Amino acid sequence: MSQDNQKTINDTIKLSGVGLHNGIKANLTVKTASENFGIKFCRTDLDKENLIEANYQNVVEPILCTKIKNNNGTTVSTVEHLMAAFYGEGIDNALVEIDASEVPILDGSASEFVEAIRSVGIKEQKKSRKFIKTLKKVEIQEGKKYISIEPLENDLIVDFEIIYSNPLIRTRRKEFKLSDGDLTNIYNSRTFCLYEDIDFIKSQGLAKGGSLENAIVVKGSKILNEDGLRNRHEFVYHKILDCLGDLMLSGYRMFGHVKTSQGGHSLTNKLLKKFFSDKSNWSLENGNIAKKNNQVEESSKKTLSASI
Ligand SMILES: [Zn+2]
């Protein structure tokens with residue numbers, strides 16, 4: 001089997017849990033989908049106009065999560081961690097059924113989505129996979145916030161900087177390279193917030209399902225979660241996870257070098273809108289992720305088949 005074909009999941013996945021923002025329990029079922037289907041969400045609690053394509057053009061109010069909406073006003077929120085799991089695991093086609101308006105937050109990271117995908121395995125399909133190739137640099141500056149994407153051959157780099165006045169989070173910058181292959185720390189990194197922001201966030205009607213079970217809470221130089229951080233760079237790695245999920249809303253994997261300082265859902269979405277608005281910025285091509293990733297994928301396939 002060659003690396004550059006489209007992929008779907010081998011079998012149905014079921015997960016359930018509360019939404020971070022609406023606090024409502026949702027049942028999520030991810031199903032195998034045919035070639036060129038892409039990723040689509042279906043609200044099974046509604047009986048019509050319930051299909052929403054996971055596309056950057058459908059993103060609305062990307063404030064503390066990524067929410068998508070179809071032409072009839074049907075929405076699904078907090079799709080980004082599941083989308084990042086699809087990105088990292090190489091899933092191109094899947095139907096995500098959900099019986100509420102927000103994807104379960106689970107433990108605040110993508111690890112349970114990834115585990116579920118790996119537990120059923122991946123099915124390679126016959127049609128080739130296409131990639132978005134960046135042809136020209138596109139950037140957005142919004143006050144102190146910045147994001148850009150530049151051409152890069154057969155790979156994706158996300159260079160992310162966060163700047164917080166909080167003494168524990170501070171300024172951190174990390175780079176993720178898709179061809180390096182190991183996404184473990186990125187998958188495991190949880191969403192986070194400052195203790196002093198919780199009242200304001202809740203006053204906006206958000207984070208109703210938030211708890212120390214699904215988010216890191218930082219108060220001054222202390223982490224309120226009993227077990228502390230999962231890795232030294234958990235804050236910035238979570239931002240990279242969000243960014244991967246949001247980039248997956250391009251409908252394809254992108255080849256390019258993304259640099260961002262103080263970026264987030266809104267800025268990534270604005271970049272995608274600007275990038276795709278001019279056809280001279282990009283092309284859609286057959287391709288392969290740079291070689292190192294093939295080797296990692298082959299070895300992880302072996303580990304997986306050995307463990308079955
Ligand atoms: Zn997130």
Side-chain angles (χ1 to χ4, degrees), residues 15 17-23 26 28 39 41 54 56 59-68 75-89 96 98 101-117 145 147 158-164 166 169 172 174 176 183-195 197-198 201-202 204 206-218 223 225 229-231 233-250 258 260-272:
L15 286 164
V18 296
L20 173 63
H21 294 300
N22 68 11
L28 188 86
I39 309 289
F41 287 78
Y56 70 95
V59 171
V60 286
E61 307 157 40
I63 303 167
L64 288 170
C65 70
T66 299
K67 184 197 269 190
I68 50 173
T75 64
V76 177
S77 302
T78 319
V79 299
E80 61 271 23
H81 306 157
L82 176 60
M83 292 302 290
F86 288 147
Y87 194 115
E89 294 303 289
V96 184
I98 183 162
S101 64
E102 187 174 0
V103 173
I105 188 67
L106 304 174
D107 69 351
S109 75
S111 64
E112 288 180 56
F113 296 124
V114 172
E115 250 171 60
I117 291 168
K145 298 178 180 178
I147 192 164
V158 178
D159 173 350
F160 211 114
E161 181 182 54
I162 54 173
I163 301 174
Y164 278 75
N166 176 277
I169 306 177
R172 310 222 183 196
K174 286 301 280 180
F176 160 76
L183 283 92
T184 310
N185 282 335
I186 290 174
Y187 284 150
N188 289 342
S189 293
R190 292 161 293 171
T191 192
F192 62 94
C193 72
L194 297 175
Y195 179 79
D197 290 344
I198 292 177
I201 294 169
K202 292 210 165 178
Q204 305 294 299
L206 298 168
K208 287 178 188 152
S211 75
L212 293 173
E213 302 298 308
N214 54 38
I216 308 166
V217 180
V218 181
I223 291 167
N225 308 63
L229 294 181
R230 291 178 173 175
N231 66 70
H233 305 292
E234 191 165 0
F235 304 116
V236 68
Y237 276 156
H238 185 80
K239 299 293 282 186
I240 292 174
L241 179 79
D242 282 342
C243 187
L244 288 178
D246 289 338
L247 291 175
M248 186 69 185
L249 293 170
S250 66
V258 175
T260 180
S261 179
Q262 308 194 61
H265 301 301
S266 170
L267 212 59
T268 307
N269 188 248
K270 283 177 185 163
L271 180 75
L272 289 179

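Being a predicted model, the structure only gives us computed values, none of them experimental. Basis for what follows: all heavy atoms, side chains included, without hydrogens, waters or symmetry-related copies. Counting starts at 1 for both ligands and their atoms, in listed order.
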Undergrad: Identify, by name, the N, O or S atom of Asp242 lying closest to the Zn ion (ligand 1).
TA: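 Looking at Asp242, the N, O or S atom with the least distance to the Zn ion (ligand 1) is OD1.
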Undergrad: Report yes if the side chains of Cys65 and Ser77 come closer than 4.5 Å at any heavy-atom pair, otherwise no.
TA: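 Yes. Closest side-chain heavy atoms under 4.5 Å.
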Undergrad: Would you please say whether a donor-acceptor pair under 3.5 Å links the side chains of Glu89 and Tyr187?
TA: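 Yes, side-chain donor-acceptor contact under 3.5 Å.
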Undergrad: Are Asn22 and Ser101 close enough that a side-chain donor and a side-chain acceptor fall under 3.5 Å?
TA: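 Ser101 and Asn22 do have a side-chain donor-acceptor pair below 3.5 Å.
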Undergrad: Regarding Glu80, does it place an N, O or S atom less than 2.8 Å from the Zn ion (ligand 1)?
TA: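 No, since none of the N, O or S atoms of Glu80 sits under 2.8 Å from the Zn ion (ligand 1).
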Undergrad: Quick check: does Cys65 put an N/O/S atom under 2.8 Å from the Zn ion (ligand 1)?
TA: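 Under 2.8 Å: Cys65 has no N, O or S contact with the Zn ion (ligand 1).
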Undergrad: The Zn ion (ligand 1) as vertex, arms to NE2 of His81 and NE2 of His238: angle to 10°?
TA: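 NE2 of His81 and NE2 of His238 make an angle of 100° at the Zn ion (ligand 1), to the nearest 10°.
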Undergrad: Can a donor-acceptor pair be found between the side chains of His238 and Asp242 at a distance below 3.5 Å?
TA: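 Yes, a side-chain donor-acceptor pair sits under 3.5 Å.
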